[in-house]
Amino acid sequence: MSPAPQETATAEPTAVPSHAPPGSLGYQPGLDGLRGLAVAAIIGYHAGGGLIPGAFLSVSTFFTLSGFLITTVLLAEHDRHGGISLRTFWSRRLRRLMPASLAAIVVILAMSLAWADSTQLARIRGDALSALGYVANWRFVFDQQSYFEAAIG
């Protein structure tokens, strides 16, 4: 009897689903899973008690993956149409993100009314408006607030 042939491990590229637009990455559930783990770590970090120290670095992971996916979508659009429509891009982003953003802002406002101190209440209106306008990071810059100092300190 001859020994069974050994299978060799080859790194084959992930197949792009047939319904994916040409030049696109297609849906990658592993990337969604990684972003989900990053979000879970962030929630655990903000839950307090040192549950997940250093998890604020997951913000960087989440945004790096999001940037990669957005860039992939834009490059695929450029390949298909010879350009990128910023109006279409921002419209897609608003339709996808605004419902969850509005819900989160409403919940945070309600929680602030119940539990925030006077200093926090004085800032919450500006924070909510800057979050609605997707310019919260600029608000932090102009107010000379550091995300990392607040997270580490």
Hphob cluster co-occupancy, Ile70 + Leu34, side-chain heavy atoms under 4.5 angstrom
no
Say you draw a straight line from CZ of Arg80 to CG of Leu75; how long is it, rounded to the nearest 0.5 Å?
10.5 Å
Residue pair Thr61 / Leu57, side-chain heavy-atom distance below 4.5 Å:
no
Near Met111 CE, under 6.0 Å, is it more than 12 heavy atoms from other residues, nucleotides or ligands?
no
Distance (rounded to the nearest 0.5 Å) between Glu77 CD and Ser85 OG
6.0 Å
Give, for atom CG of Asp79 and atom CG of Leu74, the distance between the pair rounded to the nearest 0.5 Å.
11.0 Å
Phe68/Thr64 under side-chain contact (heavy atoms from CB on, under 4.5 Å): CA gap, chis, key distance, verdict
CA-CA 6 Å; Phe68 168 73; Thr64 299; 5.8 Å; no
With the side chain counted from C-beta on, respond yes when Tyr27 and Asp32 share a heavy-atom pair under 4.5 Å apart, and no when they do not.
yes
Arg92 atom CZ: more than 12 heavy-atom contacts under 6.0 Å
yes
Under a 3.5 Å cutoff, is there a donor and acceptor pairing between the side chains of Arg87 and Ser91?
no
Once you round to the nearest 0.5 Å, how far does CG of Leu94 lie from CH2 of Trp90?
7.5 Å
Can you tell if the side chain of Leu69 reaches within under 4.5 Å of the side chain of Val73, non-hydrogen atoms only?
no
For Ser112, does its backbone N or O pair with a side-chain atom of Gln120 as donor and acceptor, under 3.5 Å?
no
Distance from Gln28 atom CD to Leu65 atom CG, nearest 0.5 Å?
11.5 Å
Count the heavy atoms of every other residue, nucleotide or ligand shown that sit under 6.0 Å from CZ of Phe63, and state whether that count exceeds 12.
no
Name each donor-acceptor pair under 3.5 Å that joins a side chain in residues 135-142 to protein atoms two or more places apart or in another chain, with its distance.
| unit_1 | atom_1 | unit_2 | atom_2 | d |
| --- | --- | --- | --- | --- |
| Arg139 | NE | Asp127 | OD1 | 2.7 |
| Arg139 | NH2 | Arg123 | O | 3.4 |
| Arg139 | NH2 | Asp127 | OD1 | 3.3 |

Less than 4.5 Å apart, side chain to side chain, heavy atoms only: is that true for Leu113 and Ile124?
no
Go through the structure and list residues passing side chain to side chain contact (heavy atoms under 4.5 Å, CB included) with Ile105, not counting sequence neighbours.
Leu109, Ala128, Ala131, Leu132
